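We count ligands from 1, going down the list as the structure has it; atoms in each ligand are counted the same way. The shown structure was predicted, so the numbers you read here are calculated from the model rather than taken from an experiment.
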Amino acid sequence: MSQYRTFTAADAVEYARQFGGVSDPSSLIDSEEVGDGNLNLVFKIFDRSGVSRVIIKQALPYVRCVGESWPLTLDRARIEAEVLRIHGHYCPDHTVKILHYDADLAVMVMEDLSHLAIWRGEQVKGLDYPQAATQLGEYLAQTLFHTSDFYQHPHQKKADVIRFTNPELCDITEELFFNEPYEVHERNGYPRELEPLIATLRDDDELRLKVAGLKHRFLSHAEALLHGDVHSGSIFVGEGTLKVIDAEFGYYGPIGFDVGSALGNLLINYCALPGLLPPREAADVREKRLNDVRALWQSFAEGFLALAAEKSRDRALAYSGYGAAFLRKVWCDTLGFCGTELIRRTVGMSQVADIKSIDDEAMKAGCVSQAVTLGRTLILAAEHVEDIEALIARIRQNG
Ligand code: ADP
Ligand code: MG
């Protein structure tokens, strides 16, 4: 008997005792709702000594940060749990472990990562996790290669495209990523003095055509089972460790979307650092962030190429050189989607702590302006940026 009802803190404890997989379930006695996200309830379940042991996440039938006026499918919990299970199968080291999922309750029970920290928060403080970008590149290479046509049986791939068709969540991305920042829209939010700069996004035909192309690829290129929202707020890091969470936006889409989202968030932090830290420290950490950008792409590209060479099952796609040719297209997509991520997180609705934490308003406007300008450059120049070193040179030129 599990008809949908919104969990109370006590329900969450009871559920964790049943499905948390702990050896001493009666020691779980307390819970706290910690969801700082925009959409769902997240409960930490504590034992008698006050240690958090299990996480319970429940989808609400609406968008949490907006309210009941914006209904949203509960099926997103299934998508999240199943994407994370598949990603966990191919990349167990860097995917949060799902212990249990219940469709009627839209609830999943997962491994507790409270001993780690959300990467965005660490980046806002200027902290460096030197291995994290390489590990995120590995996660992207493993999950995206193994769910693609290079590796999947063609019947399985087509069945999975259907199983992970995620219209309501994709609709959010389609609006927030590709439409609203380029229109006058009530959900946009940016420093008022930047209006002239933001107006240039709306009025730039060349840019609008490139964004149309990116959106069209997001809508139609079912290349791999994406995470769909792999930003630094969906990633836990610790010393030598990285774990990805929160895959409810997962669907079959263009590989460059995930890689570009991940890179874009590193670059938002890069642009925000002068507003977050004193000048010399900011300059130092910016160099580390550029190293992260390089490490992320290299690790993804090398990982994907190695897998394509060793494990491609499709005989045509396995033909020598095709993996590299495909990766070239993924690189161009990555730069474009990275540009749209920079713009949507600074102009659109989904604002990030990197920018919100800047106290000085003039400084904040300067950082947003830099992110928007970089985003625009990347969208326009995507096909002309030769390689990762050329990208880093462009970022430095941007200021
Ligand atoms: P939403 O889908 O609503 O954005 P998230 O999955 O991002 O929710 O989770 C919101 C917050 O809950 C995270 O930022 C983190 O603080 C906490 N959280 C989520 N999953 C875990 C976990 N497995 N271990 C520890 N904390 C978690
Ligand atoms: Mg989420």
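- Salt bridge status for Arg345 with Asp354: absent, with no side-chain N to carboxylate O gap under 4.0 Å.
- Close contacts of ligand 1 with Asp112, meaning ligand atoms under 4.0 Å from a residue heavy atom, involve 24 (N), 25 (C).
- Put simply, the residue from Val13, Asp112, Val109 that forms a side-chain contact (heavy atoms from CB on, under 4.5 Å) with Val54 is Val109.
- The Glu248 neighbourhood of ligand 1 comprises atoms 2 (O), with distances under 4.0 Å to a heavy atom of that residue.
- In summary, Glu122 and Lys125 engage in a salt bridge, as defined by a charged side-chain N under 4.0 Å from a carboxylate O.
- Using 4.0 Å as the threshold, Ser234 has no heavy atom nearer than that to any atom of ligand 1.
- Between the side chains of Gln142 and Asp93, no donor-acceptor pair of N or O atoms lies under 3.5 Å.
- Using a 4.0 angstrom heavy-atom cutoff, Arg64 does not count as in contact with ligand 1.
- No donor-acceptor pair closer than 3.5 Å links the side chain of Gln123 to the backbone N or O of Asn269.
- Heavy-atom proximity to Ser114, at under 4.0 Å, picks out these atoms of ligand 1: 25 (C).
- Checked against a 3.5 angstrom limit, the closest N/O atoms of Glu111 and ligand 1 fall inside it.
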Name the atoms and distances for all side-chain donor-acceptor pairs under 3.5 Å in residues 302-312, with sequence neighbours left out.
from, atom 1, to, atom 2, distance (Å)
Lys311, NZ, His146, NE2, 2.8
Ser312, OG, Ala308, O, 2.6

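- Under the 3.5 Å distance criterion, with hydrogens and angles disregarded, a donor-acceptor pair is assigned to the side chains of Asp11 and Thr8.
- Of the options Phe43, Phe249, Phe236, the smallest heavy-atom separation from atom 26 (N) of ligand 1 is shown by Phe236.
- Every residue was checked against the ring-ring contact (aromatic ring centres under 6.0 Å, His included) condition with Phe236, not counting sequence neighbours, and none meets it.
- For ligand 1, the polar-atom distance check finds an N/O of Lys57 within less than 3.5 Å of one of the ligand's N/O atoms.
- Geometrically, ligand 1 and Leu113 share a nitrogen or oxygen pair separated by less than 3.5 Å.
- Residue contacts with ligand 1 for Val42 involve side-chain atoms from C-beta outward but no N, CA, C or O (heavy atoms, distance under 4.0 Å).
- Counting heavy atoms only, Ile245 comes closest to atom 20 (N) of ligand 1 of the residues Leu116, Ile245, Val63.
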